[in-house]
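Data first, discussion second: the structure below is written as structure tokens.
First the proteins, then the strands, lettered A, B, ... as listed; each starts at 1.
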Protein chains: 2
Amino acid sequence: MSAHTTDFAQALRDAGLRVTPQRLALLAILMDSADHPNADELLARARALDDSVSLATVYRTLSALEEAGLIRKLTLESEPSRYEITPAAEHDHVVDIDTGEVIEIANDDIARLRRETLEQLGYEIVSQHTLIRARRMRKS
Amino acid sequence: MSAHTTDFAQALRDAGLRVTPQRLALLAILMDSADHPNADELLARARALDDSVSLATVYRTLSALEEAGLIRKLTLESEPSRYEITPAAEHDHVVDIDTGEVIEIANDDIARLRRETLEQLGYEIVSQHTLIRARRMRKS
DNA sequence: TGACAGATGAGAATGCGTTGCATTTACGTT
DNA sequence: AACGTAAATGCAACGCATTCTCATCTGTCA
């Protein structure tokens, strides 16, 4: 969309990271992945662009990008973590327990509410994430 | 408190599970653990009661108890899962990122709100859990 | 261009959790 | 009270996601 969202090289420099083809590839892949790929899937997709990428680098890059706040890691139950570009709008995730599909649901007010609650308890929220496991209902 | 909450043997039978000393030990330990122990900690505590308990049995028992709805598993980021007796009241968890301490925060209205939202999307919630990572603020 | 810290690839290592298998045990039935 | 059987257990081996080691390579900056 707007220019700043796609200038990966600059985003990396801003985060104090070197600009390498592997990192550019992973950022580009994450940027136009509507799903939430895991490390294996990212490796496969990255190798289509640059066939020398290793799994270790995928993990190292994901950690660095997460630390820089560029991406978000989703820790799931009983399956490898998934990753997404840090979303503009707060949202949580619903895992369809039958298909494994992950969908997003917006969540601003809840997130804000919780931030206020925690503040009164003397805590500053670093991250919050709701994981919902659900199954599709059939029409009643 | 009331009788039914401590009749572990009956709870196991109701769940279609055999009553074994290992399972009784684990249930008893979980019942009066104010913290949220992980598998290793449970093993250590269980061995104080019955020194023959094995780690495999801890995991197998935890799975069975979770399946039966007697306990809840907390999947955390970058550390072993923790477990708690299924709480009477819905609550989420705050992990203090400096101390590792886990505290609980009530959550009824948010949980209900989310249940309604998901229902409109055609989903029936099986479980929902919010994990908050936070740090203690010092007085400003 | 040269120097060098940071990044990478390959594979070994780690750690949480699971599984196969032989043995034991809970528990309904004689 | 002893029996039979499926379920449960302990132990060790295993599986899998993630991290680490280390030798080599490469961005970046002077």
Any sub-3.5 Å donor-acceptor pair from [X]'s side-chain atoms to [Y]'s backbone N or O?
| X | Y | result |
| --- | --- | --- |
| B/Arg45 | B/Ile29 | no |
| B/Glu41 | B/Asn38 | yes |
| A/Ser33 | A/Asp35 | no |

Is the shortest side-chain N/O distance from [X] to OP1 or OP2 of [N] below 4.0 Å?
| X | N | result |
| --- | --- | --- |
| B/Ser81 | C/dG17 | yes |
| B/Gln22 | D/dG10 | yes |
| A/Ser52 | C/dT8 | no |
| A/Ser54 | C/dG11 | no |

Nearest-Å distance, [atom1] ([X]) to [atom2] ([N])?
| X | N | atom1 | atom2 | answer |
| --- | --- | --- | --- | --- |
| A/Leu62 | C/dT8 | CG | P | 11 Å |
| B/Glu79 | D/dT18 | CD | P | 15 Å |
| B/Glu77 | D/dT19 | CD | P | 11 Å |

Which is it for B/Arg23 and B/Phe8 under the side-chain contact (heavy atoms from CB on, under 4.5 Å) test, yes or no, and what are the steps along the way? CA-CA 9 Å; B/Arg23 285 170 178 175; B/Phe8 305 133; over 6 Å; no

Starting at the 5' end of nucleotides 18-30 of chain C, put B wherever the base has a protein heavy atom under 4.0 Å, S where only the sugar-phosphate does, and a dash everywhere else. BBB----BBS---

Side chain of A/Arg23, heavy atoms from C-beta onward: which of C/dG17, C/dT8, D/dG10 has the nearest atom to it? C/dT8

More than 12 foreign heavy atoms under 6.0 Å from CG of A/Asp32: is that the case here? yes

Strictly by side-chain hydrogen bond (donor to acceptor under 3.5 Å, both in side chains), give each pair with a member in residues 53-68 of chain B just once, sequence neighbours left out. B/Ser54-B/Thr57

Show me, pair by pair, the donor-acceptor contacts under 3.5 angstrom made by side chains of residues 71-78 of chain A, not counting sequence neighbours?
unit_1	atom_1	unit_2	atom_2	d
A/Arg72	NE	A/Glu84	OE2	2.9
A/Arg72	NH2	A/Glu84	OE2	3.0
A/Arg72	NH2	A/His91	O	2.9

Looking at residues at least two apart in the chain, or sitting in another chain, which of them share a salt bridge (charged side-chain N to carboxylate O under 4.0 Å, His left out) with A/Asp96?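 With sequence neighbours excluded, A/Asp96 shows a salt bridge (charged side-chain N to carboxylate O under 4.0 Å, His left out) to no residue whatsoever.
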
Which pairs of donor and acceptor atoms, one on a side chain in residues 119-132 of chain B, lie under 3.5 Å apart (sequence neighbours left out)?
unit_1	atom_1	unit_2	atom_2	d
B/Tyr123	OH	A/Arg136	NH1	3.2
B/Ser127	OG	A/Arg133	NE	3.0
B/Gln128	OE1	B/Arg114	NE	2.9
B/Gln128	NE2	B/Ala111	O	3.1
B/His129	NE2	B/His93	ND1	2.9
B/Thr130	OG1	A/Thr130	OG1	2.5
B/Thr130	OG1	B/Asp92	OD2	3.4

Five-pair end axes of the helix from C/dT1-D/dA30 to C/dT30-D/dA1, angle between them (10°): 30°

